Amino acid sequence: MSGSGAGVWVFKNGVMQLEQPAAASRKALVYVPTNEVVRSVEALERRLGTLGWERYYENRSIVQLHKRDGGADLITIPRDFASLRSTHMYDIVVKNRDHFKVVDA
């Protein structure tokens, strides 16, 4: 059996098998004022910068942003935009209502 190893091991008729999860629908983050699909960390940082967010912390795998006004909110995103998941996107939407939305890609 080939694959990436992702899945769930289950017993069927006394035999253990790896079941692959159904393909999840891909999501996209949209900047609402321009209806632009955000396609990179740089583009996202630019849009968030206009809303008062600035880089707070970074390392090889993540970037964190916080509000310039000193609020307690943080947005943490992977440095590799291909690793951005819907949970990251919804976090951005919740903290920036009316500016971003998540759609099916």
Side-chain angles (χ1 to χ4, degrees):
M1 179 178 261
S2 65
S4 65
V8 177
W9 288 98
V10 295
F11 283 99
K12 284 189 178 178
N13 300 324
V15 178
M16 192 161 73
Q17 298 176 340
L18 181 63
E19 288 190 355
Q20 300 297 326
S25 65
R26 292 287 301 161
K27 301 289 185 187
L29 183 65
V30 174
Y31 183 63
V32 173
T34 61
N35 208 31
E36 168 196 4
V37 174
V38 179
R39 300 185 189 279
S40 70
V41 170
E42 295 78 17
L44 178 57
E45 273 194 272
R46 251 190 331 273
R47 295 299 186 192
L48 289 171
T50 64
L51 300 173
W53 293 88
E54 64 185 6
R55 194 173 279 209
Y56 174 72
Y57 174 80
E58 64 181 299
N59 67 25
R60 293 185 330 180
S61 60
I62 65 164
V63 173
Q64 282 187 327
L65 301 126
H66 75 113
K67 283 284 218 173
R68 278 186 218 103
D69 65 10
D73 285 336
L74 283 176
I75 293 175
T76 302
I77 56 175
R79 182 178 294 282
D80 175 15
F81 197 76
S83 299
L84 191 76
R85 299 290 173 248
S86 61
T87 52
H88 300 111
M89 295 178 198
Y90 286 115
D91 185 43
I92 293 164
V93 169
V94 166
K95 294 172 181 167
N96 297 280
R97 296 192 188 279
D98 302 323
H99 296 281
F100 290 94
K101 66 180 178 180
V102 177
V103 297
D104 289 325

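Predicted, not measured: the structure shown is a model, and the values here were computed from it.
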Exercise for review: Take Phe100 and Leu44 through the test side chain to side chain contact (heavy atoms under 4.5 Å, CB included) and record every step on the way to the result.
Suggested key: CA-CA 10 Å; Phe100 290 94; Leu44 178 57; 4.0 Å; yes
Practice item. Show your reasoning for whether side chain to side chain contact (heavy atoms under 4.5 Å, CB included) applies to Lys101 and Asn35. Key: CA-CA 9 Å; Lys101 66 180 178 180; Asn35 208 31; 4.2 Å; yes
**Study point:** Evaluation steps, side chain to side chain contact (heavy atoms under 4.5 Å, CB included), between Ile62 and Tyr57
**Key:** CA-CA 8 Å; Ile62 65 164; Tyr57 174 80; 4.1 Å; yes
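By the 4.5 Å heavy-atom criterion applied to side chains, Glu54 and His66 are counted as neighbours. When side chains are defined from C-beta on, Ile75 does not count as touching Tyr56, because their heavy atoms never get closer than 4.5 Å. Annotation: side chain of Trp53 is in contact with side chain of Lys67 (closest heavy-atom distance under 4.5 Å). Annotation: side chain of Val32 is not in contact with side chain of Asp98 (no heavy-atom distance under 4.5 Å). Val30 is not listed as a side-chain neighbour of Val102, based on a closest heavy-atom distance of 4.5 Å or more.
Here the closest heavy-atom approach between residue Ser83 and residue His88 is recorded as O-CE1, 4.0 Å. Taking all atoms of both residues into account, the shortest heavy-atom contact from Pro78 to Val41 is O-CG2, 3.6 Å.
Test Asp73, Leu74, Leu48 against Leu65 for side-chain contact (heavy atoms from CB on, under 4.5 Å) and you get one pass: Leu48. The only option from Glu42, His99, Glu36 that meets the side chain to side chain donor-acceptor pair (under 3.5 Å) definition with Arg47 turns out to be Glu36.
Under a hydrophobic clustering in which Ile, Leu, Val, Met, Phe, Trp and Tyr are joined whenever their side-chain heavy atoms come within less than 4.5 Å, directly or via other members, Val63 and Val94 fall into different clusters.
Applying the 6.0 Å contact sphere to CZ of Arg79 captures more than 12 heavy atoms from other residues, nucleotides or ligands.
Ion pair Arg26/Asp104 not flagged as a salt bridge, since none of the NZ, NE, NH1 or NH2 atoms sits closer than 4.0 Å to an Asp/Glu carboxylate oxygen.
Expressed to the nearest 0.5 Å, how far CD1 of Ile77 lies from OG1 of Thr87 amounts to 12.0 Å. The line from CG of Asn96 to OH of Tyr31 is 9.5 Å long, rounded to the nearest 0.5 Å.
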